[in-house]
Amino acid sequence: MKITATPLPGLLLIEPRVFGDDRGFFLESFRSDRLAEAGVTLPFVQDNHSRSRKGVLRGLHFQIKYPQGKLVRVTQGEVFDVAVDIRPGSPSFGKWYGARLSAENHLELWIPPGFAHGFAVLTETADFLYKCTDYYRPDDEGGILWNDPDIGINWPLADPQLSSKDRAYPCLKDIPKDRLPQG
């Protein structure tokens, strides 16, 4: 497992070793000892699986009082995955990082608590798996407008399909600091 630091402190790109032959492939998608060596020591308490169609953009989501760390990967299709540092006081506050995650490249992204997260589906469908460090709490969720001009994410979709909730989120500058995750 190769773990690479990104330009945003704490955000890690993970490339598992893939062993393949004419029968298929094998990989370890999660190893707590290897992640701990890279500083990821929070316990995982919930796994999520979503399927989305081409052109769907989900995000940018976060939890306020109970921020979630997420280990994410794609098992079918391809997405452009994005994490935005929204930790008040962070030197990379408001900065984003994006990576293409796919069933073919097997890349994973560790998104620490205190980041907003979203992804855009680039193939006909995509199955997206999340390993989370805290439980989903609908009454604690927040979000940032997907195309916030101050963040400037270079999404590979011009006109994504969004939920009404995702379309209505405010820009980061309009969110009071006490409504951002403190983790």
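Quick note: numbers below take in every heavy atom, side chains included, and nothing from hydrogens, waters or symmetry partners.
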Inset, instruction - Grab the two heavy atoms, one from Leu60 and one from Gly118, that are nearest each other, plus how far apart they are. - result: CD2-N, 3.8 Å

Legend entry - Test item: Asp150 and Cys171 side chains (from C-beta on) under 4.5 Å apart, heavy atoms: no

Inset, instruction - Look at the rings of His61 and Tyr169 and say which category their plane angle falls in: under 30° parallel, 30 to 60° tilted, over 60° perpendicular. - result: perpendicular

Legend entry - Point-to-point distance, once rounded to the nearest 0.5 Å, from CZ of Arg167 to CG of Asn147: 11.0 Å

Legend entry - From CZ (Phe26) to CG (Asp21), nearest 0.5 Å: 12.5 Å

Legend entry - Main-chain N/O of Gly59 paired to Asp166 side chain as donor or acceptor, under 3.5 Å: yes

Inset, instruction - Give a yes or no on whether Val79 and Leu129 share a hydrophobic cluster (residues Ile, Leu, Val, Met, Phe, Trp, Tyr; joining criterion: side-chain heavy atoms under 4.5 Å apart). - result: no

Legend entry - Charged N-O contact under 4.0 Å between Arg87 and Asp85: yes

Legend entry - Test item: side-chain donor near acceptor, Tyr136 and Glu141, under 3.5 Å: yes

Legend entry - Phe30 and Leu35, any side-chain heavy atoms less than 4.5 Å apart: yes

Inset, instruction - Report the distance from atom CD of Glu108 to atom CE of Met1, rounding to the nearest 0.5 Å. - result: 6.0 Å

Inset, instruction - Could you tell me the separation between the NZ atom of Lys95 and the CD1 atom of Ile86, rounded to the nearest 0.5 Å? - result: 15.0 Å

Legend entry - Side-chain (Asn105) to main-chain (Ser102) donor-acceptor, under 3.5 angstrom: yes

Inset, instruction - Keeping the roles fixed (side chain from Glu78, backbone from Arg100), state whether a donor-acceptor pair exists under 3.5 Å. - result: no

Inset, instruction - Mark yes when over 12 heavy atoms from residues, nucleotides or ligands other than Asp159 sit less than 6.0 Å from its CG; otherwise mark no. - result: no

Legend entry - Any donor-acceptor pair under 3.5 Å from Asp127 side chain to Gln76 backbone: no

Inset, instruction - Nearest 0.5 Å please: distance from the CZ atom of Arg73 over to the CG atom of Leu107. - result: 12.0 Å

Inset, instruction - Grab the two heavy atoms, one from Ile111 and one from Ala83, that are nearest each other, plus how far apart they are. - result: CG2-CB, 4.1 Å

Inset, instruction - Treat each ILVMFWY residue as a node, draw an edge where side-chain heavy atoms are under 4.5 Å apart, and state whether Ile153 and Leu11 are in one component. - result: no

Inset, instruction - Specify the closest pair of heavy atoms between Ser50 and Phe119, including all atoms of both residues, with the distance to one decimal. - result: OG-CZ, 3.8 Å

Inset, instruction - Spell out, as yes or no, whether a donor-acceptor pair under 3.5 Å connects the side chain of Asp148 to the backbone of Leu172. - result: yes

Inset, instruction - Please name the pair of heavy atoms, one in Gly10 and one in Pro112, separated by the smallest distance, quoted to 0.1 Å. - result: O-CG, 3.2 Å

Legend entry - Any donor-acceptor pair under 3.5 Å from Ser92 side chain to Leu8 backbone: no

Legend entry - Minimal non-hydrogen separation, Glu28 against Arg31, with atom names: OE1-CD, 2.7 Å

Legend entry - Closest non-hydrogen atom pair, Ile151 against Trp96: O-CD1, 3.3 Å

Inset, instruction - Examine distances only and state if a side-chain atom of Trp155 and a backbone atom of Pro160 form a donor-acceptor pair shorter than 3.5 Å. - result: no

Inset, instruction - Mind running side-chain hydrogen bond (donor to acceptor under 3.5 Å, both in side chains) on Arg58 and Ser52 for me, showing each step along the way? - result: CA-CA 9 Å; Arg58 294 184 185 271; Ser52 303; 2.7 Å; yes

Legend entry - Heavy-atom side-chain proximity of Val84 to Phe62 below 4.5 angstrom: no

Inset, instruction - Please answer whether the main-chain N or O of Tyr135 pairs with a side-chain N or O of Gln63 as donor and acceptor at a distance below 3.5 Å. - result: yes

Inset, instruction - To the nearest 0.5 angstrom, please state how far the CG atom of Asp178 sits from the CD1 atom of Ile64. - result: 9.0 Å

Legend entry - Heavy-atom side-chain contact between His117 and Asp81 under 4.5 Å: yes

Inset, instruction - Consider only side-chain heavy atoms of I, L, V, M, F, W and Y, link residues closer than 4.5 Å, and tell whether Leu13 and Leu71 are in one cluster. - result: no

Inset, instruction - For Thr133 and Gly69, indicate whether the former's side chain and the latter's backbone hold a donor-acceptor pair under 3.5 Å. - result: yes

Legend entry - Single hit among Asp134, Asp139, Asp140 for side-chain hydrogen bond (donor to acceptor under 3.5 Å, both in side chains) with Arg137: Asp134

Legend entry - Plane angle bin for Phe128 and Tyr130 - parallel if under 30°, tilted between 30 and 60°, otherwise perpendicular: perpendicular

Inset, instruction - Indicate if Ile14 and Val72 have the same hydrophobic cluster label, given that clusters are the connected sets of ILVMFWY residues with side-chain heavy-atom separations under 4.5 angstrom. - result: no

Legend entry - Common cluster, Leu180/Trp146, ILVMFWY with side-chain heavy-atom separation under 4.5 Å: yes

